[in-house]
Amino acid sequence: MPRFRVAATTDIEEGSLHQVQAGETAVLLVKTQGRIRALGAHCTHQHAPLADGLLHGHRLVCPWHQAVFDVTTGDLLEPPALDCLPTFPVEVEGDDVYVELPEEPPFARAPDMATEDRGADPRVVVIIGAGSAGIAAAQEVRRAGFRGGVVMVTEDEQAPYDRTHCSKGYLGGEAPAEWMPLKPAEFFTEAGIEKVVGRVSQVDLRDRTVTLPGGSSIQADGLLLATGGEPRRLDVDGADLDRVFTLRTWRDADAIIDAADGARRAVVV
């Protein structure tokens, strides 16, 4: 692997964070318990520079949205990030610090997760909602070693996506559609996470059932409500006209983008 001199040992103090360049790749150097480590320099959530973050013991807090990583392993400890940081080998020779990188350094590393085995564990966890909280929870139960069924119930036919883009980069034309999904489609297959499209009509805690329109139901050994919020509509005449929008979903953002094409004036309430 290519090897780069990135710093002098005297530049790296205990408990400090330093972004350095290893060729064309930005690397974060961290010194904890007397050892220098190298990790990906940017948060796997929204690419925040982690050198501007907060280091407390082995916990590194992202400066933008407070995702937390373990600097000793790169592992994700707290969302909203969903992926771990890559780590790179470090060698110290005299006063020189060297970092080894693969030919194509990864930006992120998928967390280690258990695989589904309903024969070994017949239990089912149901998550109502498929936004950031829902997908983080689904991933976390797999990271914790759960091998039973994981079912996400959502009204949205699209794959779980980052809703914040709907009112920011995507709406403004700066974030392409491929940035929207929180995870690629193969993630759900590999993790054994099932997605069911529909609106929950009833939850029976006594019988542990989640009922969908049409009468079909899912038996739930564990249940998480992660539905998020809904926009409040104005209670006035005309609020339901064609060119009056609320903004929550990817579909809402597309409708506003289409309506704005050629428009001269917009009103935001």
Pair [X] + [Y]: basic N to acidic O under 4.0 Å:
{"X": "E14", "Y": "K31", "value": "no"}
{"X": "E116", "Y": "R118", "value": "yes"}
{"X": "R5", "Y": "E93", "value": "no"}
{"X": "R123", "Y": "D121", "value": "yes"}
{"X": "R109", "Y": "D75", "value": "yes"}

Taking every non-hydrogen atom, the tightest pair across [X] and [Y]:
{"X": "G198", "Y": "V153", "value": "O-CG1, 3.6 Å"}
{"X": "G40", "Y": "F88", "value": "N-CE1, 3.9 Å"}
{"X": "L76", "Y": "Q139", "value": "CD2-NE2, 4.2 Å"}
{"X": "A191", "Y": "M113", "value": "CB-CE, 3.9 Å"}
{"X": "R208", "Y": "D221", "value": "NH1-O, 3.0 Å"}
{"X": "A239", "Y": "R233", "value": "O-NH1, 3.7 Å"}

Would you say [atom1] of [X] has more than 12 non-hydrogen atoms from neighbouring residues, nucleotides or ligands within 6.0 angstrom?
{"X": "E178", "atom1": "CD", "result": "yes"}
{"X": "D258", "atom1": "CG", "result": "yes"}
{"X": "D237", "atom1": "CG", "result": "no"}
{"X": "R143", "atom1": "CZ", "result": "yes"}

Open item on the list: Donor-acceptor check, side chain of Q219 to backbone of D207, threshold 3.5 angstrom: yes or no?
Closed with: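 Yes; at least one donor-acceptor contact below 3.5 Å.
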Open item on the list: Ring-plane angle category for H45 and H65, please: parallel below 30°, perpendicular beyond 60°, tilted otherwise.
Closed with: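 Judged by the thresholds at 30° and 60°, the geometry between H45 and H65 is perpendicular.
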Task: Plane angle bin for W250 and Y170 - parallel if under 30°, tilted between 30 and 60°, otherwise perpendicular - done: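 Perpendicular: the ring planes of Y170 and W250 meet at over 60°.
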Task: side chain to side chain contact (heavy atoms under 4.5 Å, CB included), paired with H18, selected from V27, I12, D11 - done: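 Exactly one pass, corresponding to I12.
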Decide yes or no for [X] and [Y]: does some side-chain heavy atom of the first lie under 4.5 Å from some side-chain heavy atom of the second?
{"X": "F187", "Y": "P160", "result": "no"}
{"X": "L50", "Y": "P63", "result": "yes"}
{"X": "T246", "Y": "D252", "result": "yes"}
{"X": "L28", "Y": "V30", "result": "yes"}
{"X": "R248", "Y": "R163", "result": "yes"}
{"X": "L224", "Y": "I128", "result": "no"}
{"X": "V151", "Y": "V125", "result": "no"}

Establish, from distance only, whether the side-chain atoms of [X] and [Y] form a donor-acceptor pair under 3.5 Å.
{"X": "H42", "Y": "T44", "result": "no"}
{"X": "Q46", "Y": "D162", "result": "yes"}
{"X": "R147", "Y": "T115", "result": "yes"}
{"X": "T32", "Y": "R37", "result": "yes"}
{"X": "D204", "Y": "T209", "result": "no"}
{"X": "D156", "Y": "T154", "result": "no"}

Open item on the list: Please determine whether side-chain contact (heavy atoms from CB on, under 4.5 Å) holds for the pair L82 and I135, giving the CA-CA distance in whole Å, both sets of side-chain angles, and the decisive distance to 0.1 Å.
Closed with: CA-CA 9 Å; L82 295 173; I135 193 171; 3.9 Å; yes
Open item on the list: Measuring from atom OG1 of T25 to atom CZ of F4, what distance do you get when rounded to the nearest 0.5 angstrom?
Closed with: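 Between atom OG1 of T25 and atom CZ of F4 there are 7.0 Å.
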Task: Row check, Y98 ring normal vs R3 NZ/CZ: under 6.0 Å, within 45° - done: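 The answer is yes, since R3 meets both limits relative to Y98.
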Open item on the list: Walk me through whether K168 and E174 qualify under salt bridge (charged side-chain N to carboxylate O under 4.0 Å, His left out).
Closed with: CA-CA 8 Å; K168 296 180 181 178; E174 299 171 357; over 6 Å; no
